[in-house]
K.L.:
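I have a structure here, written as structure tokens, and I will follow up with some questions on it.
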Amino acid sequence: MISVRNLLKIYKSGGDAVHAVDGVSIDVGEQEFFVLLGLSGSGKTTLLRCVAGLERPDGGEIAISNTLVSSAERNFFVAPEGRGIGMVFQSYAVWPHMTVYDNVAFPLNNGPHKLSRADVKKRVMNALEMVQLGALADRPAPFLSGGQQQRVALARALAVEPKVLLMDEPLSNLDARLREEVRDEIKNLSKKFGIAVLYVTHDQVEAMALADRVAVMSKGKVLQCAPPRELYDRPSSREVCEFLGATNLIDGVVNNGGQVNTDLGQLNCAVGDGKLKNVSVAIRPEEMLLSVTATGLENEFAAEVLSSTFLGELTVCDVKINGKALRFKTTQSTAPAQQVYIRLPAEKLKLFSR
Ligand SMILES: Nc1ncnc2c1ncn2[C@@H]1O[C@H](COP(=O)(O)OP(=O)(O)OP(=O)(O)O)[C@@H](O)[C@H]1O
Ligand SMILES: [Mg+2]
């Protein structure tokens with residue numbers, strides 16, 4: 001549905017040149033919810049703006065619905081209004097001097113295809129019902145809450161019945177509860193409409209909740225592109241691993257027997273790559289196992305609980321093993337200064353070269 005090939009976008013400021021997007025290739029399938037995830041400045045917005053036609057790339061090609069819309073090499077460029085896309089951005093960009101209805105109707109009345117008044121009305125009311133704002137159609141846009149304004153922006157994008165929807169941090173101005181509500185709404189609507197979505201966020205939880213696939217970006221490049229579960233369980237690099245949720249990292253050296261010598265002691269784990277020497281061993285806080293008495297199983301260490309924070313469904317602990325502090329999540333109850341045994345199951349350990 002969206003195909004991006006070797007995309008390059010360079011910003012020149014003074015004598016400096018920033019490679020904001022540096023050779024990115026992605027493919028968003030029909031009806032796929034595709035999320036770009038990355039730290040601030042990693043190039044997410046720039047990539048999205050290139051797809052939207054708001055930026056002219058310096059290299060590479062973009063096609064939407066198998067139609068070329070941008071090719072730097074062939075000096076070819078289709079303007080945003082010719083790309084058949086809907087857009088929702090971080091600032092709601094709801095027009096304050098208009099009613100809710102007029103906001104949603106605007107792109108329909110000013111778009112490339114002329115629609116009858118009755119058709120416009122039908123589409124607007126449909127879109128507003130969809131985001132549960134039908135009852136507020138006549139209200140001036142400023143008299144809405146932040147979440148409602150965000151939904152107006154969403155309705156406005158959906159009303160043009162795009163095949164492709166581009167969204168840049170559309171939830172970042174909402175409070176936590178509303179963010180979840182609108183997030184679920186976006187997901188449901190995108191599936192219901194069967195549209196392809198390219199969605200930008202720096203929020204890992206949001207990405208996991210929404211995405212069919214996530215591309216993790218850093219410094220203008222895609223580090224890894226995979227479904228959320230795969231990214232979480234099998235990150236291709238330490239950077240991706242750290243980006244998707246809390247991770248304990250333990251430095252060590254692979255010994256001749258294929259184990260890793262670390263500050264904790266010797267760890268048994270599958271050292272797939274024979275060339276690995278200096279490594280970081282990664283394990284997530286919820287993957288470690290706690291026992292009050294020693295079980296005698298491999299990779300088990302005596303530990304002291306340093307702190308224990310009860311968060312309702314689980315408890316987050318910091319534990320110390322041979323002087324090294326690790327974070328640990330459990331549903332068992334623990335108390336500071338308690339002596340316990342912590343096991344790092346071999347199959348959960350990930351090795352990254354240092
Ligand atoms: N108009 C511009 N002129 C010069 N440099 C720019 C411009 N827009 C973005 N950049 C630079 O390009 C890089 C990528 O920026 P971009 O806005 O794409 O990042 P982002 O991943 O969307 O970040 P954030 O999460 O903060 O929104 C950054 O280094 C940024 O400073
Ligand atoms: Mg951005």
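Order of appearance sets the numbers: ligands from 1, and atoms from 1 within every ligand.
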K.L.:
Under 4.0 Å between a side-chain nitrogen and a carboxylate oxygen: does that hold for Arg123 and Glu161?
P.N.:
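Yes.
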
K.L.:
Does even one non-hydrogen atom of Gly41 get within less than 4.0 Å of ligand 1?
P.N.:
yes

K.L.:
Taking atom types as modelled, is there a side-chain donor on Ser71 or Glu61 under 3.5 Å from an acceptor on the other?
P.N.:
yes

K.L.:
Would you tell me whether Thr334 and Ser308 have side-chain atoms, one donor and one acceptor, within less than 3.5 Å of each other?
P.N.:
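Thr334 vs Ser308: donor-acceptor pair found between side chains.
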
K.L.:
Can you list the atoms of ligand 1 that are under 4.0 Å from a heavy atom of Val18?
P.N.:
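Ligand 1 atoms under the 4.0 Å threshold to Val18: 12 (O), 29 (O).
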
K.L.:
The Mg ion (ligand 2) and Ser40: any N/O/S contact shorter than 2.8 Å?
P.N.:
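So Ser40 does not bind the Mg ion (ligand 2) by this criterion.
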
K.L.:
Between Thr46 and ligand 1, which residue portion shows a heavy-atom distance shorter than 4.0 Å: side chain, backbone, both, or neither?
P.N.:
both

K.L.:
If every non-hydrogen atom of Val316 is compared with every non-hydrogen atom of Arg327, which pair is closest and at what distance?
P.N.:
CG1-CD, 3.6 Å

K.L.:
For ligand 1, is any non-hydrogen atom under 4.0 Å from Ser40's backbone (N, CA, C, O), its side chain (CB onward), both, or neither?
P.N.:
both

K.L.:
At a 4.0 Å threshold, what atoms of ligand 1 neighbour a non-hydrogen atom of Leu39?
P.N.:
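Within the 4.0 Å cut-off of Leu39, ligand 1 contributes 21 (O).
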
K.L.:
Is Ser13 near ligand 1, meaning one of its heavy atoms is under 4.0 Å from it?
P.N.:
no

K.L.:
I'd like to know if Arg213 and Asp27 make a salt bridge, using a cut-off of under 4.0 Å between side-chain N and carboxylate O.
P.N.:
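So Arg213 does not pair with Asp27 through a salt bridge.
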
K.L.:
Within a distance under 4.0 Å of any heavy atom of Ala20, pick out the atoms of ligand 1 and give their elements.
P.N.:
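In order of numbering, the contacting atoms are 12 (O), 13 (C), 14 (C).
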
K.L.:
Check whether any side-chain heavy atom of Pro170 sits under 4.5 Å from a side-chain heavy atom of Ile186, and report yes or no.
P.N.:
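The answer is yes; the side chains approach within 4.5 Å.
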
K.L.:
Is there a polar contact between ligand 1 and Lys44, counting only N or O atoms under 3.5 Å apart?
P.N.:
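Right, the criterion is met.
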
K.L.:
How about Gln204 and Tyr232: does a side-chain donor come under 3.5 Å of a side-chain acceptor?
P.N.:
no

